[in-house]
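Inspection log for the structure reproduced underneath, given as structure tokens.
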Amino acid sequence: MMEKTSAAVADLEAIKHETKNTQPPKISSAELANRALKYSATFWFVAVMAGQWFFFYYIMAFYGFSVINDNMEIWNRWEAMGSKPYHVGDFAGNLAFGAHAIGAGIVAFGGALQLIPKVRSYFPKFHKINGYVYLITVFCLAISGFYLVWVRDAEPVTLSGIGTSINGFLILGFAYLALRCAINRDIANHRKWALRLFLVSNAQWILRVGVFCYFVTGTMLGLEPNFKDAFFPIWTFGCFVLPLATLQLYFYAQEKRSNRLKFITSGSLFLLTVLMLIGVVGFTPFLLTVMSGGEIAL
């Protein structure tokens with residue numbers, strides 16, 4: 001009887017030991033915080049890439065084909081929104097606007113490719129060549145933006161003009177710093193400046209996505225959003241200030257050991273990404289309407 005009891009106890013201990021060994025190890029708070037930060041950044045990137053690549057499709061389908069078909073008058077479909085990009089007889093201005101619009105599409109497509117780690121790892125030559133193309137494009141984007149605001153625009157001294165000009169100077173400054181760090185093999189800082197450059201060079205896309213997010217969320221909350229709201233002059237600068245501030249917070253959280261800071265940062269990034277997706281979802285059918293020739297209205 002004693003032998004059976006001892007055997008049963010031994011079997012029970014063996015089962016407990018085996019169960020203990022097969023249980024997944026507990027994740028520490030630090031590891032959980034790091035994962036939250038990583039996954040929120042991945043969520044942001046995937047959302048941005050999807051929105052940016054559709055924007056590239058729109059740019060090429062609307063502006064690209066209109067240039068190829070010599071049908072640039074179609075740009076004035078935006079007149080319903082208070083914008084008249086095509087001016088009869090203004091070859092330089094039309095060229096600058098076309099280059100600016102198509103350049104924004106190239107930046108949207110090529111910039112996202114620059115941020116994919118596996119592209120950098122497995123295709124370093126492509127990453128380098130695409131990087132130079134990207135830098136040349138953002139330089140042209142900034143210069144054409146300056147021309148459109150300060151030469152072509154009859155009233156350049158507006159909040160929009162000032163915001164566009166500040167954004168243009170940031171593009172040129174960040175492009176220089178990203179290139180200098182790459183030449184000096186300072187890869188860590190090169191990536192930081194490249195991310196900052198990516199954000200400011202896509203500020204006009206972020207501005208539009210933010211506008212549609214404001215309209216969609218405001219309408220869902222039972223409000224009556226309109227272009228006279230204080231949001232719009234604030235967002236003229238917020239479209240590049242907020243992304244840069246969020247990115248700086250992300251860098252800071254990465255470097256610090258504070259789990260609380262990492263959770264706060266990942267939560268903030270997740271929330272901003274959700275808001276961005278709302279804007280993208282609202283922006284997409286609008287762009288499809290523009291391409292199809294439908295009536296433009298908000």
Side-chain angles (χ1 to χ4, degrees), residues 34 37-53 55-56 59-60 99-147 163-207 239-256 262 265 269 272-273 276:
N34 287 328
L37 194 62
K38 177 183 176 181
Y39 293 152
S40 62
T42 302
F43 176 47
W44 170 85
F45 175 73
V46 171
V48 166
M49 188 170 66
Q52 287 273 284
W53 283 5
F55 188 60
F56 168 77
I59 292 290
M60 294 300 113
H100 189 78
I102 294 172
I106 295 172
V107 165
F109 185 80
L113 290 175
Q114 288 299 97
L115 301 182
I116 300 175
K118 288 191 176 181
V119 171
R120 296 197 302 262
S121 301
Y122 293 111
F123 306 100
K125 288 186 178 180
F126 172 80
H127 178 74
K128 184 177 181 180
I129 294 171
N130 188 52
Y132 280 117
V133 172
Y134 182 79
L135 287 173
I136 293 170
T137 305
V138 296
F139 176 80
C140 294
L141 200 67
I143 298 303
S144 61
F146 289 142
Y147 177 85
T164 300
S165 299
I166 293 173
N167 186 68
F169 284 119
L170 289 175
I171 289 174
L172 294 177
F174 293 170
Y176 167 74
L177 292 167
L179 179 61
R180 190 181 70 174
C181 289
I183 293 172
N184 294 335
R185 305 291 182 181
D186 185 359
I187 303 303
N189 282 316
H190 165 71
R191 289 176 179 172
K192 288 184 177 181
W193 288 115
L195 276 167
R196 294 183 180 110
L197 175 61
F198 176 80
L199 293 177
V200 295
S201 61
N202 286 292
Q204 292 304 307
W205 176 78
I206 297 171
L207 183 145
C239 66
F240 54 87
V241 172
L242 179 61
L244 287 175
T246 305
L247 180 62
Q248 194 59 40
L249 178 63
Y250 174 76
F251 289 151
Y252 186 73
Q254 271 190 321
E255 295 166 0
K256 298 298 178 181
K262 290 180 180 180
T265 303
L269 189 54
L272 289 173
T273 304
M276 182 182 68

### Task
Measure across Gly110 and Tyr134 and return the closest heavy-atom pair with its distance rounded to 0.1 Å.
C-CD1, 4.3 Å

#### Entry: Separation of Asn34 CG from Gln254 CD (nearest 0.5 Å)
9.0 Å

### Task
Check the surroundings of atom CZ in Phe123: do more than 12 heavy atoms from other residues, nucleotides or ligands lie under 6.0 Å from it?
no

### Query
Atom CD of Gln114 and atom CG of Leu195: how far apart are they, to the nearest 0.5 Å?
11.0 Å

### Query
Considering residues at least two apart in sequence or located in another chain, which fulfil the side-chain contact (heavy atoms from CB on, under 4.5 Å) criterion with Phe43?
Phe270, Thr273, Val274, Leu277

#### Entry: Intermediate values then yes/no, side-chain contact (heavy atoms from CB on, under 4.5 Å), Leu242 and Leu272
CA-CA 10 Å; Leu242 179 61; Leu272 289 173; 4.2 Å; yes

### Separation between CD1 of Ile171 and CZ of Phe198, rounded to the nearest 0.5 Å
12.0 Å

#### Entry: Where Ala178 and His190 come nearest, the two heavy atoms and their spacing
O-ND1, 2.8 Å

### Task
Grab the two heavy atoms, one from Gly103 and one from Leu141, that are nearest each other, plus how far apart they are.
C-CD1, 3.8 Å

### Query
With a 4.5 Å heavy-atom cut-off, do Arg196 and Gln248 have their side chains touching?
yes

### Query
At their closest point, which heavy atom of Ser144 faces which heavy atom of His100, and how far apart are they?
OG-ND1, 2.9 Å

### Query
Should Thr265 and Lys262 be marked as a side-chain contact (heavy atoms from CB on, under 4.5 Å) after you check the CA-CA gap, both sets of side-chain angles, and the distance that decides it?
CA-CA 5 Å; Thr265 303; Lys262 290 180 180 180; 5.7 Å; no

### Task
Might you point out which heavy atoms bring Ala112 and Met49 nearest each other, and give the distance in Å?
CB-CG, 4.0 Å

### For Leu113, all residues meeting side-chain contact (heavy atoms from CB on, under 4.5 Å), sequence neighbours excluded
Trp53, Phe109, Ile116, Phe126, Asn130

### Query
Are side-chain heavy atoms of Lys192 and Asn189 found at a separation under 4.5 Å?
yes

### Separation between CG of Leu172 and CG of Leu135, rounded to the nearest 0.5 Å
11.0 Å

### Query
Which distance, rounded to the nearest 0.5 Å, do you find between the OG of Ser121 and the NE2 of His127?
9.5 Å

### Verdict with supporting geometry, Tyr250 and Leu37, side-chain contact (heavy atoms from CB on, under 4.5 Å)
CA-CA 8 Å; Tyr250 174 76; Leu37 194 62; 3.7 Å; yes

### Query
Measuring from Leu199:CG to Leu244:CG, what's the distance to the nearest 0.5 Å?
6.0 Å

### Query
Between Tyr176 and Phe139, does the ring centroid distance fall short of 6.0 Å?
no

### Query
What are the two closest heavy atoms between Ala142 and Gly168, and how far apart are they?
CB-O, 3.9 Å

### Task
Give me the ring orientation class for Trp193 and Phe174: parallel if the planes are under 30° apart, tilted from 30 to 60°, perpendicular past 60°.
tilted

#### Entry: Test side-chain contact (heavy atoms from CB on, under 4.5 Å) applied to Ile59 - qualifying residues, sequence neighbours left out
Phe55, Tyr63

